[in-house]
Amino acid sequence: MSTASPEYHPQSLEVRIQDQWERSGAFHAHPDSSKPKFYCLSMFPYPSGKLHMGHVRNYTIGDVIARFQRMQGREVLQPMGWDAFGLPAENAALKHQVPPATWTHDNIAHMRTQLKRLGFAYDWRRELATCEPEYYRWEQWLFVRLFKQGLVYRKSSTVNWDPVDQTVLANEQVIDGKGWRSGATVEQREIPQWFLRITDYAEELLHGLDDLDGWPEQVKAMQRNWIGRSEGVELSFPVDGENEPLRVYTTRPDTLFGVTYLAVAPQHPLAQRAARTNRPLQDFIERCQSMQVAEAALATAEKEGVATGISARHPLTGAPIPVWVANFVLMEYGAGAVMAVPAHDQRDWEFARTYGLPIEQVIAPSDNGSADLDAAAYTEPGQLVHSGVFDGLTSAEAKERIAAHLEAEGIGRRRVQYRLRDWGVSRQRYWGCPIPVVHCVTCGPVTVPEDQLPVVLPTDVTPSGAGSPLKDMPEFFHTTCPQCGGPAERETDTFDTFMESSWYYARYASRFADDRMLDSEASHWLPVDQYIGGIEHAILHLLYARFFHKVLRDQGLVQSAEPFTRLLTQGMVVAETYYRESPDGARSWFHPEEVEVARDAKGRHLGAQLTADGRPVCIGGIEKMSKSKNNGIDPQSLIDRYGADTVRLFAMFAAPPDQSLEWSDAGVEGAARFLKRLWRLCHAHLAAGANSAPIQNDTKALELRRKTHETIVKVSDDYARRQSFNTAIAAVMELVNQIPRAPTQDMTLTLEVREALDTALLLLNPIVPHICQALWSALGHAEPILNHPWPSADPEALVRESLTMVVQVNGKVRGRIEVAADASDDSILAHARNETNVAKFLDGTTERKVVLVRGKLINFVVSE
Ligand code: ANZ
Ligand code: ZN
């Protein structure tokens, strides 16, 4: 017998195997491979400093899919990189007085080491950081192209201005209307900014969703909402004393006869004109100006308004209608003005009640019920009343007829309207991609010519917090105009970091092209076959990336219409929270490791105490892991303690990928125990040594073999179609549990045990690739497991050879028969009738009915 089996030492084993992968270039993706391609991508991280559990989960899911697809015979591209520009680097720079570039690169170095330690199958040659000029130069190049095509424009728009720090603040830097650093009351300022015409693509972005069968419905619904297509009518109301009529946009032309006032946005020209001679109106408009501009804030704000004193005319009845200015009307939507129908629009109703404006019903419920307009607006469709010749029509008919009438009279026209706004890409921040524009006194804003790109962001900069440091760098700031050669100043705004994350997936696929943005390799790999990331990116990131992809397609740089064929949005990583409250109500949060928890038999919390002082703490409920609740588990400490495979196994086993994953010590311990068991089982099998010939038709052997192949069927479906990795793992665990523990006493099963073990390793390999490789080679396979094809089930092994069935006559058991599992009903019945004892009881009777429950029983119902 051989020497003692080796022990499972994940740390050394994993590093050794990672080294082999690295040295052999195991994860280099080759575009010239004859295998079909599979592009698997996880959303790249912001290099915040170290990996958190959310990253680990996201990247493990991606890696499992990538490794599975590789075993399915695909040439897999799985890259990784860094979303490296952004505000946190500037904040950290202020705090620690280091340049954002240094901070970012240090973080990248650390996080790269962490990712490597987790054994992810990345093609590291393709790594990119968006803060590198070799990356962002192509973004600048594209911007200049789009500018020339008219897809870029400049317009004034509102920003948050901190009057003390003399700087523009991002929305998240405004806390309760005050600057986060200075505490000064934030003002709204209009400054010129750059916009991309994403609205030109609104229709295609909307319709494209219909073909994305591999996306979660929920995400598609969120995108549809965000794009917000509506069909309506734009119509004009003549205004007394003005040449220009007032245009409004409505989706309910059927309610036209119920208009009792018009409301315009505070920024509307009519409001501005009226304010010149109307002091209260002027004050109101100013107050609106200083309010938060966010739409969400508007939705919850008190509906307020001021009358202008201006009167308009109903376009069909000629009745006078007062014009108001109201804070709920958005200047950027529709026509910046609404026809208010308080009887049938709740917002208009509330406003009318507040200001004593009339409420006139024009839609009656179709079921002859009545609408209680004293309680609320009636917003359902119905039948028209008090609407002249249109009375009696349904809402749907009236929408058509009134729209047609308005068009015929030249009063209005049908219009499709989107909620989606053009994308403002200017940020008044230092740590971002420079916008490739110079401002010339003579020529105005001029884009930087292609041969002068990239505009490189100076990196030896430590921001002071007040304004952009680029303005104080003459060598960057002062330049000459590419058009007239005169003196000019560089734009110091940088791009929204969503710009970089909108095309990184394409650049990975074309990583080695140094003379162009994307080469033909991009067309080879794209679209991404599987994209994995957080639901928090369901709207903006995914919409911007889809927009960019269509723009790139229209530039001839990619061929597909959509960037991501299949999308998996993984759930949050959550953990229990613990706190104590001080007398003033402030809570201090304790880390789960500082707390001891008492549980009942079912594992429910009974109470918790702080280990340090033994006194109770409150249990705050399960929440997303975060700094603020102090409930984050540092993955590094888990890797150090258990190794990467245990962490990966826990992340995949504890929950389906799209659900939240609750952190538990017990779960991690369980994962570690399972791997140890697998290790011991393989080595016990090896230690048993001998290889005797199989015994034909041995039931135990056939059963184990069947279990092995049933597991292949189930697990393959779980991986490929259902993406239900936790149940796949559970199925393999079941198989492993069925492998006899004492192989020396069961020598006849050697071959079947070997097959079961080999299969378990292959099925687990995408999830725990290090231990699987180690055991695979211990079992004598020379070729690495990651190159081994995925196992396929042997249909013969799946056949349950024979089954025992009970035969009854009039409900009494009269015999038992053995039938082939796939025998036909007829042959089963024939067999049953021929069974000696059964035949005796059937003899001389008339058959009334036969009941056949496959695999169980046959009952002959007979009469004499
Ligand atoms: C009259 C009316 C009667 C309306 C009624 C609704 C119900 P969606 O579907 O989102 O496109 N609206 C138009 N422009 C607006 C603006 N700039 N700011 C705020 N609200 C505006 O919404 C279209 C409806 O929102 C329009 O239809 C208009 O009110 C309002 F029983 O017109 B409606
Ligand atoms: Zn010039």
Side-chain angles (χ1 to χ4, degrees), residues 202 206 224-235 237 246-271 288 293 295 298-299 301 303 305 314-315 321 324-352 359-364 371 373 376-382 384 387 395-396 398-399 402-403 406 412 414-421 437-449 478-490:
L206 184 67
R224 283 193 187 102
N225 262 332
W226 188 261
I227 297 167
R229 182 183 198 274
S230 74
E231 280 176 16
V233 171
E234 189 173 278
L235 71 150
F237 287 72
L246 179 61
R247 289 183 304 117
V248 303
Y249 174 72
T250 179
T251 45
R252 294 289 307 271
D254 56 317
T255 64
L256 182 55
F257 288 80
V259 176
T260 61
Y261 61 99
L262 300 173
V264 303
Q267 301 83 0
H268 196 281
L270 195 64
C288 293
V293 277
E295 223 177 299
L298 273 184
K303 316 279 174 286
H314 193 282
I321 301 172
W324 285 64
V325 178
N327 65 350
F328 64 79
V329 185
L330 301 170
M331 190 58 214
E332 298 80 33
Y333 191 73
V338 301
M339 59 177 229
V341 185
H344 304 295
D345 180 277
Q346 188 57 28
R347 200 173 48 180
D348 297 348
W349 184 92
E350 280 163 26
F351 192 86
I359 297 173
E360 284 170 19
Q361 181 175 13
V362 290
I363 306 287
L373 294 177
Y378 175 72
T379 58
E380 300 298 308
L384 268 72
S387 297
S395 288
K399 274 186 184 174
I402 293 180
L406 292 173
R414 279 177 246 236
R415 204 175 120 180
V416 172
Q417 177 68 39
Y418 297 93
R419 215 182 73 93
L420 182 68
R421 303 269 69 89
V437 167
V438 302
H439 297 276
C440 167
V441 214
T442 330
C443 315
V446 179
T447 53
V448 176
H478 295 295
T479 182
T480 50
C481 170
Q483 212 154 287
C484 70
E489 289 172 353
R490 266 191 210 287

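Atoms within a ligand are numbered from 1 in the order they appear, just like the ligands themselves. Both backbone and side-chain heavy atoms feed into the values below; hydrogens, waters and symmetry mates do not.
Atom 6 (C) of ligand 1 has its closest protein heavy atom at Asp345 OD2, 3.4 Å. Here the heavy atom of the protein found nearest to atom 13 (C) of ligand 1 is Tyr249 O, 3.2 Å. In terms of protein heavy-atom proximity, atom 19 (C) of ligand 1 is nearest to Phe328 O, 3.5 Å. Protein heavy atom at the shortest distance from atom 25 (O) of ligand 1 is Arg347 NH2, 4.1 Å. Counting protein heavy atoms only, atom 10 (O) of ligand 1 is closest to Tyr333 OH, 3.5 Å. At the top of the distance list for atom 18 (N) of ligand 1, counting protein heavy atoms only, stands Leu330 N, 2.9 Å. When hydrogens are left out, the protein atom nearest atom 31 (F) of ligand 1 is His344 O, 2.9 Å; that is the closest non-hydrogen contact. For atom 5 (C) of ligand 1, the nearest protein heavy atom (residue, atom name, distance) is Arg252 CG, 3.5 Å.
Within ligand 1, counting atoms from 1 as listed, the ones closer than 4.0 Å to a heavy atom of Val341 are 3 (C). For ligand 1, the atoms sitting less than 4.0 Å from at least one non-hydrogen atom of Met339 are 1 (C), 32 (O), numbered in the order shown with element in parentheses. Interface atoms of ligand 1 facing Val329, defined by a heavy-atom separation under 4.0 Å, are 16 (C), 17 (N), 18 (N), 19 (C). Within ligand 1, counting atoms from 1 as listed, the ones closer than 4.0 Å to a heavy atom of Thr255 are 3 (C), 31 (F).
Summarising the geometry of Pro269 relative to Met331, their closest heavy-atom pair is CD-CE, 4.2 Å, with the distance given to 0.1 Å. For the residue pair Ala337 and Arg247, the shortest heavy atom distance occurs at CB-O, 3.4 Å. The two residues His344 and Val362 have their closest heavy-atom pair at NE2-N, 3.0 Å.
Protein non-hydrogen atoms do not reach within 4.0 Å of atom 29 (O) of ligand 1.
With a heavy-atom cut-off of 4.0 Å, Thr251 touches ligand 1 through backbone and side chain alike. With a heavy-atom cut-off of 4.0 Å, Met331 does not touch ligand 1 at all. Counting heavy atoms closer than 4.0 Å to ligand 1, residue Thr250 contributes atoms from both its backbone and its side chain. Contacts between Val338 and ligand 1, counted as non-hydrogen atom pairs separated by less than 4.0 Å, involve the side chain only.
Taking the side chain as every heavy atom from C-beta outward, Val437 and His439 approach each other to under 4.5 Å. Side-chain contact check for Ile321 versus Val259: some heavy-atom pair is nearer than 4.5 Å. The shortest side-chain heavy-atom distance between Leu262 and Met339 falls under the 4.5 Å cut-off. For the pair Val264/Trp324, no side-chain contact is recorded, criterion being any heavy-atom separation below 4.5 Å from C-beta on. Two residues are said to be in side-chain contact when any heavy atoms from C-beta on lie closer than 4.5 Å; Leu256 and Val341 fail this criterion. By the 4.5 Å heavy-atom criterion applied to side chains, Arg419 and Ile227 are not counted as neighbours. Two residues are said to be in side-chain contact when any heavy atoms from C-beta on lie closer than 4.5 Å; Val446 and Cys443 meet this criterion. Side-chain atoms of Thr379 and Trp349, non-hydrogen and from C-beta on, never get closer than 4.5 Å to each other.
Nearby protein atoms of type N, O or S around the Zn ion (ligand 2) amount to 4 (distance under 2.8 Å).
Ligand 1 lies out of reach of Gln417, whose nearest heavy atom is not under 4.0 Å from it.
To the nearest 0.5 angstrom, Cys288 atom SG is 11.5 Å from Phe328 atom CZ. Considering OG of Ser395 and CD1 of Ile363, their distance stands at 4.0 Å, rounded to 0.5 Å.
Classified by interplanar angle (parallel below 30°, tilted 30° to 60°, perpendicular above 60°), the ring pair His314/Phe257 is tilted.
For the pair Ser387 (side chain) and Leu384 (backbone), a donor-acceptor distance under 3.5 Å is absent.
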